[in-house]
Number of protein chains: 2
Amino acid sequence: MSGIDPTGPVAPYRQLAEILAGRIKSGQYKPGQRIPTESELVEEFELARSTVRRAVSVLRETGLVRTVPQRGTYVSGQS
Amino acid sequence: MSGIDPTGPVAPYRQLAEILAGRIKSGQYKPGQRIPTESELVEEFELARSTVRRAVSVLRETGLVRTVPQRGTYVSGQS
DNA sequence: CTGTATTTGTTCGTATGTATT
DNA sequence: AAATACATACGAACAAATACA
């Protein structure tokens with residue numbers, strides 16, 4: 001399901017960051033690959049774009065991904 | 001430093017409003033110019049965005065600035 | 001070269017919940 | 001109870017760069 005629980009004690013943006021981090025660590029999203037666009041994540045998790053962006057920014061801060069303006073966000077580890 | 005004293009008798013949003021008004025009156029922020037974004041003020045003064053917004057709303061009420069949705073807040077006096 | 005679509009970047013508007021004083 | 005402050009979330013609009021037909 002990997003759904004978001006908006007009523008839980010953990011903020012949705014943190015839940016999403018955890019889910020995405022899990023997908024990277026499990027290899028579902030591989031190094032060098034682009035992860036889904038913000039719009040796609042908005043649809044999949046039914047969150048506002050601002051919330052999705054915040055979740056992605058967490059991954060960026062931890063170095064898990066790199067974001068290229070106008071291109072997308074890519075899993076770190078390769079070019 | 002123009003810092004905010006959160007322990008003082010004057011509420012932080014009023015302190016910030018005073019500081020920003022001073023910058024306008026001194027010409028640091030000129031008529032027609034856009035003042036720093038909410039986010040920039042948040043970082044500079046280490047205040048919550050809601051507090052910054054409240055300070056800016058004071059300037060707006062006194063006619064010192066105009067806020068254009070989705071654009072920014074501008075010093076009054078010109079277009 | 002031109003126009004359109006895509007995607008991220010930026011900024012403001014608004015609302016709710018919680019904590020503190 | 002009221003005021004203040006912060007965290008979080010959703011919405012909306014526009015900009016800028018890129019991709020593509």
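On a predicted model such as this, the values are computed, not experimentally measured, just so you know. Side-chain atoms are counted along with the backbone in the values below, which use heavy atoms only and exclude waters and symmetry mates. Proteins get letters first, then strands, A, B, ... in listed order; numbering begins at 1 in each.
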Does any residue of residues 50-57 of chain B have a heavy atom under 4.0 Å from DNA chain C, and if so, which ones, in number order?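 R53(B) - these, ordered by number, are the residues of the stretch whose heavy atoms sit under 4.0 Å from the strand.
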In whole angstroms, how far is the [atom2] atom of [N] from the [atom1] atom of [X]?
X      : N       : atom1 : atom2 : answer
Y74(B) : dC12(C) : OH    : C1'   : 11 Å
R34(B) : dC12(C) : CZ    : C1'   : 11 Å
Y13(A) : dC6(D)  : OH    : C1'   : 12 Å
E46(B) : dA7(D)  : CD    : P     : 12 Å
Q15(A) : dA7(D)  : CD    : C1'   : 15 Å
L41(B) : dT11(C) : CG    : C1'   : 13 Å
L47(B) : dC6(D)  : CG    : C1'   : 11 Å
R66(A) : dT8(C)  : CZ    : P     : 14 Å

Give the cluster check for [X] versus [Y]: same hydrophobic cluster or not, with ILVMFWY residues linked at side-chain heavy-atom distances below 4.5 Å.
X      : Y      : answer
L64(B) : V56(B) : yes
V58(A) : I19(A) : no
Y13(B) : I24(B) : no
V42(A) : L47(A) : yes

I would like to know whether Y29(A) and V65(A) meet side-chain contact (heavy atoms from CB on, under 4.5 Å); could you show each step before the answer? CA-CA 10 Å; Y29(A) 299 153; V65(A) 300; over 6 Å; no
Looking for any heavy atom pair under 4.0 Å, which part of the strands does T67(A) touch: base, sugar-phosphate only, or nothing?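 Touches sugar-phosphate only.
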Work out which heavy atom in I4(A) is nearest to a heavy atom in L16(A); give both atom names and the distance.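 Heavy atoms of I4(A) and L16(A) come nearest at CD1-N, 3.8 Å.
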Give me the atom names and distance for the closest heavy-atom approach of Q15(A) to D5(A).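 That closest heavy-atom pairing would be NE2-O, 2.7 Å.
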Tell me, which stems hold DNA chain D, with a stem being 3 or more Watson-Crick or G-U pairs in a row and both distances under 3.5 Å?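 Correct response: C:2-21 with D:2-21.
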Should the heavy atoms of other residues, nucleotides or ligands under 6.0 Å from CZ of R14(B) be counted, would the total exceed 12?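 Open: at most 12 neighbouring heavy atoms sit under 6.0 Å from CZ of R14(B).
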Has Q33(A) got more than 12 heavy atoms of other residues, nucleotides or ligands less than 6.0 Å from its CD?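 Counting neighbours around CD of Q33(A), more than 12 heavy atoms of other residues, nucleotides or ligands fall under 6.0 Å, so yes.
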To the nearest 0.5 Å, tell me how far E38(A) CD sits from R53(A) CZ.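 Answer for the CD-CZ pair, E38(A) versus R53(A), is 4.5 Å.
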Using the ring of Y74(B) (Phe, Tyr or Trp, six-membered ring only), decide whether R34(B) places NZ or CZ under 6.0 Å from its centre and within 45 degrees of its axis.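 Checked: cation-pi criterion not met.
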Write down the protein N/O and nucleotide N/O pairs, taken from nucleotides 14-20 of chain D, whose separation is under 3.5 Å; answer none if there are no such pairs.
residue, atom, partner, partner atom, Å
dA16(D), N3, Q70(A), NE2, 3.3
dA17(D), O4', Q70(A), OE1, 3.1
dA19(D), OP1, R71(A), NE, 3.3
dA19(D), OP1, R71(A), NH1, 3.0
dA19(D), OP1, R71(A), NH2, 3.2

